[in-house]
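Inspection log for the structure reproduced underneath, given as structure tokens.
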Amino acid sequence: MATLQLFNTLTGTVESLTPQGTPELRMYCCGPTVYDYGHIGNFRTFLHVDVLRRVLLQLGVPVRHVMNITDVDDKIIRNATAAQIPIGQYTAKYEQAFFEDLNALGIQLPEVIARATECIPEMVELIQKLAAKDIAYQVEDGSWYFRLNRDPEYGKLSKKDLEHIEDGARVDVDEYEKDAARDFALWKAAKPQETSWQTAIGEGRPGWHIECSAMAAKFLGDTFDLHAGGEDLMFPHHENEIAQSECASGKTFARHWMHVRFLLVEGRKMSKSEGNFYTLRDLLLKGQRASAIRFLLLSVPYRNQMNFTLDGLVESTNAVDRLRTFRQRLQSQAWPAGSNAELAVTIQQAAEKYTSALAHDLNTAEARAAIFDMVRAANTAADHGLLQADNAAAALRVLASFDAVFNILEDRDAELTKAALAWAEAEGRMAEVAPEVLEKFGANSLSDAAIEALVAERTQAKKTRNFARADAIRNELLAKGILLEDSKDGVRWKRK
Ligand code: AMP
Ligand code: ZN
């Protein structure tokens, strides 16, 4: 059986990834900060990690996969304070949404999910270990920092030239710092009205980096096989994790590092102000299918930058349909007994190309191409009456093995879109739903609240003289059997 060859950021080479010391491969992947809904860039990373674990499982390697949930940080505290609710209540909503999104995208759950707020004692212990070596030091306000110049290996992951490390210069922000090489916060002293924990190192809350070091050690041990995340985390987050963990334990932290390159949208960095920022939910409400989103985000290998476009999504939708139709065709016809030898070879070659593409640094693009080669050949043979029962069985086996990784053949799309609609309704976001989605899925499910939201939107549209939108809403509702009557006292509606 082949072993997975995977690029290792630490060594800069493609190496075998195999479990060391335990039967299962121990891996840690940085999870989300649950202060908002995840965007498709986040999910590109989680999807490629999903491919990694599925390929390992397919190669017969069991995995123990740990993912953290960052449920305390500056943004969370800021937003929860603004909403006047405890941080746990604030993050619970986004954590649940994150798991719903993972499910919608067909991403397997890790074996262990660890919340930062539930591992504070382990973080404190780690800081104490560093303090005992004089690598962690406390400053006047009670915060703790990591003394960077005590780690001669600092920078080995990102290979940054960090000669200009300023002794004692400090940084205490949670926000990503692109080029700062300074002593970083391990523990932030409590501020009035902010969530904090009373601990042996004082009252406060953890810095972001210490969270992953402590949780990785708690669930995987000091040394483990693989650490993964998006490329933006390489520096300083992962560099700091290595520094904390290796200085404390004196052992190698993660042997292998995997980084997923960034997702661009329509050729640009995703940003709300550019209007190219998408959550999964945004796309579902616009009528895009979850399966097509998954397939598109996996179409470019993880080490290449990917440009997500709405055109690409159209192609991806067609590609998913093509594969589903092909499987249906193979399953639903009675093929003549026997095997077409030439086609059998083609199918076999496609299967080998598929397996070796994934085993060689998770080349999802080549793996996918191999499957489409098979589909083309088998369809052509079938059109000419040259596909036989053994070929159909062999092609179905290859498809099943493809789907154990790509996971798009089962059609859950309508169900997932309906779930997104129910969410939009509950959140008062029906105005974001595309008319064709309402038409297709909303007919019986339009609740009174949803209708009222649309009626209110229409009234607003009329006020701003956007008559086109107002008429569109009237027509949409009519198509669903809802009649509007404009009267002096406002708008009345009734179901036909
Ligand atoms: P966050 O919740 O911001 O900590 O991000 C969760 C994961 O998504 C991390 O592994 C990030 O590196 C990754 N990520 C964030 N933005 C993108 C992007 N545009 N493309 C790919 N991965 C991303
Ligand atoms: Zn992390």
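Both ligands and their constituent atoms are indexed starting at 1 by order of listing. As the structure is a prediction and not an experimental result, all values here were calculated from the model.
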Quiz item: Which ligand 1 atoms are under 4.0 Å away from a heavy-atom of L263?
Solution: 18 (C), 19 (N), 20 (N), 21 (C)
Quiz item: Using 4.0 Å as the upper bound for N to carboxylate O, is an ion pair formed by E432 and R281?
Solution: no
Practice problem: Report the relative orientation of the aromatic rings in H238 and W257; use parallel for angles under 30°, tilted for 30 to 60°, perpendicular for over 60°. | Solution: tilted
Quiz item: Is there side-chain contact between T70 and Y35, with at least one heavy-atom pair below 4.5 Å?
Solution: no
Quiz item: Does an N or O anywhere in N42 fall below 3.5 Å from an N or O of ligand 1?
Solution: yes
Quiz item: Can you list the ligand 1 atoms lying under 4.0 Å from a non-hydrogen atom of G230?
Solution: 10 (O), 12 (O)
Quiz item: Do D361 and Y302 have side-chain N/O donor and acceptor atoms under 3.5 Å apart?
Solution: yes
Quiz item: Is the F98 to F46 ring centre distance short of 6.0 Å?
Solution: yes
Quiz item: Out of curiosity, is H39 lining ligand 1, as in a heavy atom under 4.0 Å away?
Solution: yes
Quiz item: Under the 6.0 Å and 45° cation-pi test, does K272 pair with F277?
Solution: yes
Quiz prompt | T45 N/O under 3.5 Å from ligand 1 N/O | solution = yes
Practice problem: Angle at the Zn ion (ligand 2): provide the value between NE2 of H237 and SG of C30, rounding to 10 degrees. | Solution: 120°
Practice problem: Return yes or no for this condition: an N or O of P32 is under 3.5 Å from an N or O of ligand 1. | Solution: no
Quiz item: Under 3.5 Å between some N or O of ligand 1 and some N or O of M270?
Solution: no
Self-check item: Short N or O distance, D232 and ligand 1, threshold 3.5 Å exclusive
Solution: yes
Quiz item: So between L264, V265, T33, whose heavy atom ends up nearest atom 2 (O) of ligand 1?
Solution: T33
Quiz item: With a 4.0 Å cut-off on heavy atoms, is V260 touching ligand 1?
Solution: no
Quiz prompt | ligand 1 atoms in contact with L233 (distance to a heavy atom under 4.0 Å) | solution = 9 (C), 10 (O), 12 (O)
Quiz item: Within 45° of the six-membered ring axis of F308 and under 6.0 Å from that ring's centre, is NZ or CZ of R44 located there?
Solution: no
Quiz item: N/O to N/O below 3.5 Å, does that happen between F262 and ligand 1?
Solution: no
Exercise. Please name the residue in the list K418, R294, R324 that meets the salt bridge (charged side-chain N to carboxylate O under 4.0 Å, His left out) test with D413.
Key: R324
Exercise. Show your working on side-chain contact (heavy atoms from CB on, under 4.5 Å) between N240 and Y154 and close with a plain yes or no.
Key: CA-CA 8 Å; N240 292 351; Y154 191 81; 2.4 Å; yes
Self-check item: Ligand-residue contact atoms, ligand 1 with G41, heavy atoms, under 4.0 Å
Solution: 17 (C), 18 (C), 19 (N), 20 (N), 21 (C), 22 (N), 23 (C)
Quiz item: F224 ring centre to R64 NZ or CZ under 6.0 Å, with the angle to the axis within 45°?
Solution: no
Exercise. Please work out the angle at the Zn ion (ligand 2) defined by atom OE2 of E241 on one side and atom SG of C212 on the other, rounded to 10°.
Key: 100°
